[in-house]
Each structure stands twice: as C-alpha cells, then as structure tokens.
Number of protein chains: 2
Amino acid sequence: MAKPARKTGGTANASEDTSQPKTARGEATRKAILTAAERVIGARGFNDASIGHITSEAGVAQGTFYIYFKSKDEVFHELVLEMGRLVRRELSQATRDIPNRLDAEKAGLTAFLEFVRAHPDLYRIVQEALFVDQDAYNAYYQAFSEGYRKGLEAAVEAGHIRPGDADTRAWALMGISRSLGERLVIWGDTTPIDEIVATVHDMIANGLKP
Amino acid sequence: MAKPARKTGGTANASEDTSQPKTARGEATRKAILTAAERVIGARGFNDASIGHITSEAGVAQGTFYIYFKSKDEVFHELVLEMGRLVRRELSQATRDIPNRLDAEKAGLTAFLEFVRAHPDLYRIVQEALFVDQDAYNAYYQAFSEGYRKGLEAAVEAGHIRPGDADTRAWALMGISRSLGERLVIWGDTTPIDEIVATVHDMIANGLKP
DNA sequence: CTGAAATATGAATAGTGATTCATGTCTCAT
DNA sequence: ATGAGACATGAATCACTATTCATATTTCAG
C-alpha cells in the first residue's frame, strides 16, 4: 500500500502499542532504526525518505522495520515526541535555580539554541510535523506555549516583568526562539550563540526604544 | 511517473517557461487552476493534494493541468512566489509614509496579521515550502530578512531605536510575526488583531523590564 | 541442552497518483 | 466564413514504495 489510512485528524491519540523489544538485541535494533529515521527523514523530508532508505541506513532489512514500528507515520510520531521530551528536559534543567524570569529567559534561549544546533534533524522533523502529523505538532507547541504562559503570568505577579497578555507574549517569545533556531539549522548561521542571545535578550528586556 | 526528478537543491533557478496562455479562455483556466491549487494544497498539504483533486476543484480535466504547468512542483513554486509578492506589496503599502521605525513596525505587524488571516492557505504553503521547494522558501525569507535588516540599520542610524545587531533582530522580529500568524491560522486564535499588536508592540518597544 | 519466542530477512503484493497522449473542440485573425 | 493554432479531455501508462509474508536464524528460560 503506498498511502495508508491517514491519521485521525482530531484529538484521538493512538496508543503506544508498538511491540517493545524484549531482548537486548531487539532494543539495539529498534534504536538503530529510530536513529536512522531521524537522520534520513531530517535530511530528505518525510516523503522522500523511504522505508528502504531508513533500513539501509540502519543496516537492517526492510521487513525488520515493521517488527518495531507499525508504520512510517509511527516512527515519525515517535521522533516528534522524542524531540519534545529532549527539549523540555534541556530547558527545565537550564532554567532550574534561576529565580528571575528575565534571567531564565536568557538561559532558556541559550539552551534552546544550543540544543537545536546539536540536533538539526529533530528540529526539521518538528517543523514538518505540521504537514505530516498535526496532532503531534499541536501537542508539541501546546505544551510549550502553556508552560511559557504560566511562567510569564507568574513573573507578572512577582513583579519581575511589566504586565501584558501572557498568551500573546508567550507566542511571540516562542516565535523568536524558533526563528533564531531556524537561522542556525536551515540557514547555517554561524554567529556565536552568546552573541545572538545577548542581542535578543537586550531587545526582550529593554525593548527597542532609544 | 509517481516521483519526478527532484528540484536541484542549490541556487539554480528554473526559468519561468510555463507556456503562458494566449487567449482569454486560457487565462481564465490557468487562474482557476492556480486558485484551486492554493485551496487544495493549503488544505491537504502538498503530498495529499493530487492533480486530480486540484483539477476537479478547478472544474477542468486532469490533462488540462499540464497545458499550464509543467509539474506539480511548478504550481507550488508559483504559489510561494505569489505569496511573497502579495505580502511584500501589502507591507510596503502599510508602512509607506510612516517615518518612525517603531510606528512602522506596528503598522507592518498589523498588516501582516490581517493578510495572513485573510490568506491562510498561502501561509501554510510558504511553511511547507521548506520541505517541498527549499529554493522558493529561501528566496521568500531572504527577501524579508534583508529588507528588515536594512530597515533596522537605518533606524539605528536615525536614532529611532537603540543600537544592536540588525540581522539577529530582524530574524527575531520575523519570528514574532510568523509565530503570531501561525497562532491565527493553525490554532484558530480569535484575539482581535489590534489587541495582539498592542501587546506585542509594547513588548518590542519597551521590553519586558518592570 | 533445547524448543518456543523473538528477531531478521528480502522478495512479492498492491495502492497510488504524476504525467503522457491520441483525439476532439473552440477561437480569432485573416 | 475558416483553418491553424490554442485549448480541453480523460483513459492509459508506469515508476514508486509502504506493507505483508513465508521462511530462516538467534536468543534464553527452564
């Protein structure tokens, strides 16, 4: 079948029923396939990345793929979830112990950009999720915007920042991160991350007014 | 052929050699196909939008498509270019006659968000171009970031805004626009555009400091 | 050791959809 | 009016690839 049933568009959430490996060998193979999928899909995009490409990159036969994943869509889904988990962990570590919101903003941006530079394939995959697996895409950004909004609301309460609609601000700040991440990954920008962050943080903290 | 030769990845720029219509009838048909493609591709994504879907939406036979476009990739390419032209025109009109950069920023953001809300399909298409037609994607954002950067550099010269790396700022500001546009189009946000702009402009102009 | 479960293989199946083409029908300059 | 393009049609082609399956091979608990 060249085009399997589409994912349900709504909020339905397929169970995580991929048969989990029961053996060390299986574990290793599954991870190899996942890593290969990350590289191949990240580089060629979802549609040009065939199962054959992925399994060949992983060094296994084509059929092996279906021992660990129910479909091509499923690996993709899992890669998006993985990116979400990794980024969230990275950010919460980076901003843990930073009580002031503006400082946390700075540290978070730095961590995000560093992560993105280290994982360009995952970055692209998340962006492509909008067209391949919108549920995963939504979940990814919903989690972020929600967390962001709460953080900003708390910061306003605490008097760390001036008042203003937290949701809109959250999206604006996410947009800054994404855009600068894209400049690194897609455009090969080589500006040192510290410099980028300094410029942006100055703008976020002080605005553009002379 | 299910999968035609890929676009050259580099900077190569295919000539605009689609046979232009020579008749009023042809002109109308071509436009009908282009409009249908915008709707169908915008709604279903490039890969799920078949030529059959597009021609059926346009009310013509499948073969007619190839009288006006060399390939599916080509319509897509043209749609991305169209979006670029339209947005640039919109923005330059909206900011013409606004001498102060910060005011122009505000007017530009408003115009952009209004445009995006009015053309959700084109918005999605530009985003998908990253995975379908990277050359077009690059051209689109290069044009924007360049213009933005120059504007910011001039504004710093003129003392309208505080000093800071113009390129990084340009990407950050573009990111804000994109992100808020996405919230409208993808997430169905219904916040009045004026309110969004007020919040964001306050942040851009004054920053977040208390 | 041993056999049942787990893992691996790669050829075969089959859905799909972009593109072509042989065959009409319309348009408009002369 | 009229014929040479221009335009339109839609069935047929055919390359592509996701998924399945019958058949090994490997692992490991007992």
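This is a predicted model, so every value here is computed, not measured. Each chain gets a letter, A, B and so on, in the order the sequences are listed, and its residues count up from 1.
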Check: Are the ring centres of B:Phe65 and B:Phe69 closer than 6.0 Å?
Finding: yes
Next item on the list: On DNA chain C, check which nucleotide each of B:Thr23 and B:Ile51 is closest to and give me the residue with the more 5' one.
Entry: B:Ile51
Margin query: Tell me the interatomic distance from A:Tyr68, atom OH, to C:dA6, atom P, rounded to whole angstroms.
Written below: 11 Å
Notebook entry, point to check: Atom CD of B:Gln20 and atom P of D:dG5: how far apart are they, to the nearest Å?
Noted result: 20 Å
Note to self: What contact category does A:Ala28 fall into here, base, sugar-phosphate, or nothing, at under 4.0 angstrom with non-hydrogen atoms?
What the structure shows: nothing
Next item on the list: Measure from CZ on B:Arg30 to C1' on D:dA8 and round the result to the nearest Å.
Entry: 17 Å
Check: At under 4.0 Å between heavy atoms, what does A:Ser50 touch on the DNA or RNA strands: base, sugar-phosphate, or nothing?
Finding: sugar-phosphate
Checklist line | Integer-rounded Å distance: D:dA22 P and A:Ile67 CD1 | finding: 15 Å
Notebook entry, point to check: C:dA6 C1' sits how many Å from A:Lys22 NZ, rounded?
Noted result: 9 Å
Margin query: Is it the case that the side chains of B:Tyr141 and A:Arg183 hold a donor-acceptor pair, with the cut-off being a distance below 3.5 Å and no angle test?
Written below: no
Next item on the list: Can you label the angle between the B:Tyr123 ring and the B:Phe112 ring as parallel, tilted or perpendicular, going by 30° and 60°?
Entry: perpendicular
Next item on the list: Just compare C:dA8, D:dT9, D:dA8 and give me whichever is closest to any side-chain atom of A:Thr29.
Entry: C:dA8
Note to self: Judged by each residue's nearest nucleotide on DNA chain C, which is more toward the 5′ side, A:Phe65 or B:Gly63?
What the structure shows: A:Phe65
Check: Roughly, in whole Å, what's the span from NZ in A:Lys70 to P in D:dA18?
Finding: 17 Å
Check: For D:dT19, does either OP1 or OP2 sit under 4.0 Å from a side-chain N or O belonging to A:Tyr66?
Finding: yes
Next item on the list: Give a yes-or-no answer on whether the side chains of A:Asp73 and A:Ser71 include a donor-acceptor pair shorter than 3.5 Å.
Entry: no
Next item on the list: Verify the distance criterion only: is there a donor paired with an acceptor across the side chains of A:Ser50 and A:His53 at less than 3.5 Å?
Entry: yes
Notebook entry, point to check: D:dG5 C1' sits how many Å from B:Arg25 CZ, rounded?
Noted result: 12 Å
Item checked: For atom CD of B:Gln62 and atom P of C:dA18, their distance in whole Å -> 8 Å
